[in-house]
Amino acid sequence: MNIRNLLSDYVTQAMLAAGLPAECQAHVAASKKAGFGDYQANGAMGAAKIAKAKPRDIAQQIVDQLQQNSDVQVMISHIEIAGPGFINLTLDPQWLAANIRIINQDKQLGIQDDQPQTVVVDYSSPNLAKEMHVGHLRSSIIGDAVVRTLEFQGHNVVRQNHVGDWGTQFGMLIAELEEQLQEGESASLALKDLEGFYQSSKKHFDESEAFANKARDYVVKLQSGDAHVLTLWEQFRRVSLTHSQEIYQQLNVTLNADDVRGESAYNDDLAPLVAELQQQGLAVESQGAQVVFLEEMADKEGNPSPVIIQKQGGGFLYATTDLAALRYRSHTLHADRVLYFIDARQSLHMQQVFTLAKKAGFVNDNISLEHHPFGTMMGADGKPFKTRTGGTVKLADLLVEAVERAEKVVADKNPNLSAEERAVIARKVGIGAIKYADLSKTRTNDYIFNWETMLSFEGNTSPYLQYAYARIQSIFRKADIDVSALNSELALNEPAEVALSIKTLQFAEVVEQSTREAYPHLLCTYLYDLAGLFMRFYEQCPILKDGIDEDTKNSRLQLALSVANTLNKGLDLLGIETMDKM
RNA sequence: GCGCCCGUAGCUCAGCUGGAUAGAGCAUCCGCCUUCUAAGCGGACGGUCAGAGGUUCGAAUCCUCUCGGGCGCACCA
C-alpha cells in the first residue's frame, strides 16, 4: 500500500472528472511542514495554466470531485485549499490505525511489487590479484543494499560478481606461486597475505629478467589453456576468492561463490565477439588495433568516440569483456534491467559499452542498462582515504578497527552486558556504523570517512536506529505479552502517534523510490526520520507507566510493533543487523 | 582543449517529478534521568543555497555564462 500512489490516483481521477485535460498532473507529495496537511496536491496551479482558469477555482473543482469519492472519504479526514491553489490533504486517523493493524499482520509490511522483473546487478567485483581494500567497500555495500531491496519487492535478482581473475598480471602471480609451492608452502599459506604476495611477485618481476620472462610465458600458456599453468591459476583464484568471501561474511554482504562470474568466464567469447563486430562493419582497424567509432557519442567537432576492443598485439580489453558480459546478461539471463555499481570514473567507459552493445544488438531492445556511479571515499583531509603511511587501507583491517572501536563504546554505554553479549553487539554496531555512514550519503558524491562522527553514535548513524529498535524490544520484554498477537482497535489521539503512524506507512513509497533510482540513502533518511519520530513518541506517550489504561496501552504497543518491524526490515534491506539489547 | 560530476549553516550532510517560512546531526550555549535503556528528548545560536543573468504565478532544484574544486578523454582494469 503506497499512500502517495493511492492519492495520486484519486487526484488524477478527480482532475479528469473535473474536465481537465489528461496531460495535467496531480503532483502529489508528502507535505513538508505541519499545518499543510499530511499530503499536498500541487497540480491545480499547472492545470489552471493549461485550462486558462484561476488556480483556486480549479483547485475547488478538484476538491469537489475528490469529496464525492467514497474511498477518499474513508482515507482523508480533511481537505483544504491554501495559498495560490495547494490542496492539503489530512489523513484520517482511523484509516491510519486500520492500516497499522494490516501491516502488523503482514511480513511484507504492505509491499508487493506487481510487475516482477529480472534484474542483474553487477557489484563488488574486486580484482583477485590483490586484497580487498576500501575502494571495494562502496560498490559492495551499496550494491548489496539495492539487491536486498529489489528481492524484498519480489524481483528476480541475479547477482554478478564480475571479479578480475584474468589478464597479464596473473602470469606474474602464478609464476611466483609456483616457486613458493616448490619451497613446500601450501597455496593457502603462501597467499595468506595476498597484498604482500602481490608486492613480492612484482618485486621479483622487476628484479629478475628470468622470472619476468617466465611470467610472460605463463600469460601465453594460461590463455592457450596449458594444464599446469591452469591448475596453478585455479589454486590462486580459489584462495583469493576465499579471502573475498570472508570479507563478505564479516560485512554481511549476501554475495557468495555462486554469484562469481569473473572476466575469465567470457574468455572464449571475446574473439568471436570481435569478429562479429567486424562483420557488422562496426569494428575497423586503426593504428593496428580493432576499434569501434561511435558517432552517437561524438564530440562538438563531430569526432566519434573510439572504443578499442582488441589491442594491436591481439589482446582483448575490458571493454570487450564487458560487452561479452552484457550479451550474456541480456540473452542468457534475460535481464530486464542491468545495474552496475561502479566508480564514477568509469562513466565514459560504461556509456561507450552500453551504446555499443545496443548498436551491435548484443542486448534486447527494451533492456534498461544503468550505471549507478559513486564517488571516492576520502580521508579527513579531503584526499583519498589512505593509511597513515600513505598505503591502501585493507578492508579486513578497517572492519577489525570498527568492531574494536564499537566494543569500547558499548562497554562504556552499557556496563551490564556479559562479555559474550558485548562482543555480538560490538560486531553489529561497528559493522553497521561503517556501512550506514556510507549508505546514508548520496552515492554520487565523494564522501569523507571519519571514525569520530561515525562512531560517536549520535544523530544520523546506524546505532541510533539500532537503539530505537532495542528500546522497543525492551518495552515488549517489560510488557511480558506476545505483542504480535495483539489485534485490537488502535486509537491515535496524540499528534506524536499520528505522525509516527504516517511515517511508518510511508515505508512502501521509500522502498519503491530507492530501487527505482538505486539510492539507498533515501531509505536511510526515511529510517532516521522514523526513529526520530519514535523517540518523540516514546517521550510523549508512555505505554507501560502507571495510569495508562488498557486500550491505550494495547494501541501503543501495536504502533510500536509496526515501527519495530519497519526498522528491522529497513535495516535488513541495508544489510545492517538489529539486536534486542544494546 | 573536450567531456562528466560537484559547490547549501563553522564542520559532515539532506532537500524527491520546480511549490508555501531551505532542514538534520556535530560543534557552542541552556533545560530534562528516585529510570517503559539519557546511544535519548526539548530549546537557543547559526544561511546573499559559489556568483551573474534567464525561463514563470513560484527556482537550492530547469537553461546559459563566469569563478572555484574533483575526475575522465586509444591499446591497464
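Fair warning: this is a prediction, and the values are worked out from it, not measured in the lab. Note on naming: letters A, B, ... go to the chains in the order of the sequence lines (proteins, then strands), and numbering restarts at 1 for each one.
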Would you say [X] reaches [N]'s phosphate, i.e. side-chain N/O to OP1/OP2 under 4.0 Å?
| X | N | answer |
| --- | --- | --- |
| A:H162 | B:rA77 | no |
| A:K49 | B:rG58 | no |
| A:Y526 | B:rA24 | no |
| A:R536 | B:rG42 | yes |
| A:K33 | B:rG23 | yes |
| A:T442 | B:rC13 | no |

By the 4.0 Å heavy-atom rule, please label [X] as base, sugar-phosphate, or nothing.
| X | result |
| --- | --- |
| A:A289 | base |
| A:M45 | base |
| A:Q287 | base |
| A:F86 | base |
| A:A470 | base |
| A:Y528 | sugar-phosphate |
| A:S286 | base |
| A:T453 | nothing |
| A:I543 | base |
| A:A468 | nothing |
| A:V28 | base |
| A:D322 | nothing |
| A:F316 | sugar-phosphate |
| A:I448 | sugar-phosphate |

Indicate, yes or no, whether a donor-acceptor pair under 3.5 Å links the base of [N] to the side chain of [X].
| X | N | answer |
| --- | --- | --- |
| A:N88 | B:rA20 | yes |
| A:Y467 | B:rA39 | no |
| A:R56 | B:rC57 | no |

My understanding is that a pair needs two contacts under 3.5 Å, Watson-Crick or G-U wobble. By that rule, which nucleotide pairs with [N]?
| N | answer |
| --- | --- |
| B:rC73 | B:rG1 |
| B:rA27 | none |
| B:rC32 | B:rG40 |
| B:rC65 | B:rG51 |

### Task
Send over the distance from A:L530 CG to B:rA24 P, rounded to a whole Å.
17 Å
### Task
Please state how far atom CD in A:E301 lies from atom C1' in B:rG3, giving the value in whole angstrom units.
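In whole Å, B:rG3 C1' and A:E301 CD are 12 Å from each other.
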### Message
Using the rule ring-ring contact (aromatic ring centres under 6.0 Å, His included), only one of A:Y519, A:F341, A:Y340, A:Y123 pairs with A:H372; which is it?
### Response
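So the option named by the test is A:F341.
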Using a strict cut-off of less than 4.0 Å between a Lys/Arg side-chain nitrogen and an Asp/Glu carboxylate oxygen, indicate whether [X] and [Y] qualify as a salt bridge.
| X | Y | answer |
| --- | --- | --- |
| A:E407 | A:R427 | no |
| A:E494 | A:R536 | no |
| A:D381 | A:K383 | no |
| A:D206 | A:K202 | yes |

Closest approach to the side chain of [X], judged atom by atom: which nucleotide of [options] is it?
| X | options | result |
| --- | --- | --- |
| A:E458 | B:rG15, B:rA27, B:rC75 | B:rA27 |
| A:R4 | B:rA20, B:rA39, B:rC16 | B:rC16 |
| A:M535 | B:rG15, B:rA39, B:rG40 | B:rG40 |
| A:E539 | B:rA39, B:rA38, B:rC41 | B:rC41 |
| A:K300 | B:rC13, B:rC41, B:rG3 | B:rG3 |
| A:L317 | B:rU17, B:rA77, B:rA20 | B:rA77 |

### Message
So is the aromatic ring of A:F36 stacked onto the base of B:rA20, judging by whether the centres are under 5.5 Å apart and the planes are under 30° apart?
### Response
yes
### Pi stacking test for A:Y538 and B:rC36: under 5.5 Å apart, planes under 30°
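Ring-base stacking flag set for A:Y538 and B:rC36.
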### Query
Going by number, which of residues 345-356 of chain A have a non-hydrogen atom under 4.0 Å from RNA chain B?
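Residues of residues 345-356 of chain A that come under 4.0 Å of RNA chain B are, in numerical order, A:R345, A:Q346, A:L348.
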### Task
Would you mind reporting whether A:N568 and A:Q473 have side-chain heavy atoms less than 4.5 Å apart?
no
Short question: side chain of [X], backbone of [Y] - any donor-acceptor pair under 3.5 Å?
| X | Y | value |
| --- | --- | --- |
| A:Q346 | A:M350 | no |
| A:E512 | A:E509 | no |
| A:T320 | A:F316 | no |

### Query
Which residues satisfy the salt bridge (Lys or Arg N to Asp or Glu O under 4.0 Å) test with A:K553, sequence neighbours excluded?
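For A:K553 the salt bridge (Lys or Arg N to Asp or Glu O under 4.0 Å) partners, ignoring immediate neighbours, are A:E550.
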